[in-house]
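Everything on this sheet refers to the single structure shown next.
Residues: numbered from 1 along the sequence shown.
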Amino acid sequence: MEIWDIYDRNGLKTGRTIERGAQCQNGEYHKAVHVCLFNSKGSLLIQKRTANKEAWPGLWDVSSGGSVLSGEESRDAAGRETKEELGVEIVFDRPALTMYSSETIHDFYVVVRDLARDEVKLQESEVAEVRGANERDIREMIKDGSFIPYHINLIKLLFDLRHTQSIHTR
């Protein structure tokens with residue numbers, strides 16, 4: 001069973017933990033990471049979740065992701081999830097974007113790296129397949145229900161952040 005640290009609204013650990021599947025109390029959060037792995041041509045590596053996944057089964061998603069385990073830092077969870085799901089080792093520094101939902105703090109990591117086909121080794125229990133997609137493809141997939149229903153503007157922002165991790169355009 002996975003154990004998650006609980007964070008307050010400022011993203012600070014409270015010292016409490018919960019088991020995966022338990023609900024956070026009002027004003028409490030757990031952390032999840034999402035890795036967006038782009039190639040130098042601007043294509044995002046996307047993964048199709050297996051049909052037996054608890055959340056969003058059979059849908060396409062960004063490159064890799066999952067929950068941050070108790071005692072783990074977000075950047076370490078991003079590295080662990082990318083290694084587990086895709087077989088790719090990446091050392092992460094800091095998220096490009098952090099967003100809050102009802103009980104989750106979402107850290108998004110954006111990386112540009114060209115991968116050779118033989119570098120990617122799928123975790124068959126979680127990832128059915130991977131492929132590259134551009135922003136337009138993903139918007140269409142969200143509309144047709146085959147991609148996790150992220151906000152369209154979030155997808156645009158993630159594609160924009162592959163060029164810079166600044167809030168400024170220059």
Side-chain angles (χ1 to χ4, degrees), residues 2 4 11 20 29-69 72-101 103-167:
E2 285 184 9
W4 299 338
R20 178 187 190 99
Y29 303 86
H30 75 279
K31 236 178 218 197
V33 294
H34 309 269
V35 176
C36 300
L37 184 54
F38 291 90
N39 67 20
S40 59
K41 295 179 181 177
S43 181
L44 175 62
L45 182 70
I46 61 174
Q47 67 156 280
K48 186 173 187 181
R49 299 166 63 84
T50 57
N52 64 342
K53 291 289 290 178
E54 183 181 324
W56 311 111
L59 295 185
W60 288 90
D61 195 0
V62 297
S63 308
S64 66
S67 295
V68 177
L69 303 176
E72 191 174 43
E73 295 297 322
S74 170
R75 67 180 173 269
D76 298 323
R80 176 181 51 77
E81 290 289 352
T82 303
K83 176 68 175 165
E84 286 175 4
E85 294 179 4
L86 303 176
V88 177
E89 289 191 41
I90 299 176
V91 176
F92 294 92
D93 181 27
R94 60 184 170 78
L97 178 67
T98 299
M99 299 183 71
Y100 286 67
S101 64
E103 62 178 45
T104 308
I105 300 171
H106 300 270
D107 283 344
F108 287 85
Y109 291 85
V110 175
V111 176
V112 177
R113 178 171 161 187
D114 290 318
L115 297 173
R117 282 189 188 265
D118 63 349
E119 268 187 276
V120 178
K121 294 173 181 52
L122 303 184
Q123 182 182 23
E124 293 178 3
S125 62
E126 293 201 23
V127 182
E129 62 182 289
V130 295
R131 70 175 182 90
N134 62 37
E135 183 183 344
R136 183 177 26 86
D137 294 336
I138 294 172
R139 284 195 319 260
E140 290 303 315
M141 294 169 78
I142 289 170
K143 287 178 188 172
D144 75 19
S146 63
F147 203 96
I148 291 177
Y150 293 110
H151 289 281
I152 296 294
N153 288 334
L154 172 61
I155 297 301
K156 178 178 179 2
L157 180 58
L158 293 170
F159 271 83
D160 288 347
L161 286 173
R162 77 186 188 278
H163 299 298
T164 179
Q165 293 192 9
S166 172
I167 61 170

Item to check | Test side chain to side chain contact (heavy atoms under 4.5 Å, CB included) applied to L115 and N39, step by step | outcome: CA-CA 7 Å; L115 297 173; N39 67 20; over 6 Å; no

Checklist entry - Between E81 and G65, which heavy-atom pair has the shortest distance, and what is it? => result OE1-O, 3.2 Å

Checklist entry - Within a strict 4.5 Å, meaning less than it, do heavy atoms of the D137 and F147 side chains meet? => result no

Item to check | Shortest non-hydrogen contact between Y150 and H34, atoms and distance | outcome: OH-ND1, 3.7 Å

Item to check | Derivation of the side chain to side chain contact (heavy atoms under 4.5 Å, CB included) call for V88 and R113 | outcome: CA-CA 11 Å; V88 177; R113 178 171 161 187; 3.9 Å; yes

Item to check | Parallel, tilted or perpendicular, as decided by the 30° and 60° cut-offs, for the rings of F38 and F159 | outcome: perpendicular

Checklist entry - Do S63 and T82 pass the side chain to side chain contact (heavy atoms under 4.5 Å, CB included) test, and can you show the C-alpha distance, the side-chain angles, and the key distance before you say yes or no? => result CA-CA 8 Å; S63 308; T82 303; over 6 Å; no

Item to check | Separation between CG of N153 and CG of L158, rounded to the nearest 0.5 Å | outcome: 11.0 Å

Checklist outcome for this item: The reported gap from CZ in R49 to CD in E85 (rounded to nearest 0.5 angstrom) is 7.5 Å

Next on the checklist: Less than 4.5 Å apart, side chain to side chain, heavy atoms only: is that true for F92 and S74?
Outcome noted: no

Checklist entry - K121 and D118: which non-hydrogen atoms are nearest, and at how many Å? => result NZ-O, 2.7 Å

Checklist entry - Considering all heavy atoms of both residues, which atom of I152 and which atom of R139 are nearest to each other, and what is their separation? => result CG2-CD, 3.4 Å

Checklist outcome for this item: Between the CG atom in D114 and the OG atom in S43, the distance rounded to the nearest 0.5 Å is 10.0 Å

Checklist entry - Minimum heavy-atom separation for I46 to A133, with atom names? => result CD1-CB, 3.7 Å

Checklist entry - How many angstroms lie between atom CD1 of I148 and atom CD1 of I155, to the nearest 0.5 angstrom? => result 9.5 Å

Checklist outcome for this item: Taken to the nearest 0.5 Å, the spacing of N134 CG from L44 CG works out to 10.0 Å

Checklist entry - Checking Y29 side chain against G11 main chain: does a donor-acceptor pair fall under 3.5 Å? => result no

Checklist entry - Do the charged groups of K156 and E135 touch, with an N to O distance under 4.0 Å? => result no

Checklist entry - Got I105 and V68 here, is their nearest side-chain heavy-atom distance under 4.5 Å? => result no

Item to check | T104 OG1 to M99 CE distance, which is reported to the nearest 0.5 Å | outcome: 12.0 Å

Item to check | Derivation and outcome, side chain to side chain contact (heavy atoms under 4.5 Å, CB included), residues L37 and I90 | outcome: CA-CA 10 Å; L37 184 54; I90 299 176; 4.0 Å; yes

Item to check | Backbone N/O of C36 and side chain of R162: donor-acceptor pair under 3.5 Å | outcome: no

Checklist entry - Is there side-chain contact between W4 and R20, with at least one heavy-atom pair below 4.5 Å? => result yes

Item to check | Atom of L59, atom of G145 and distance for their closest heavy-atom approach | outcome: CD2-O, 3.2 Å

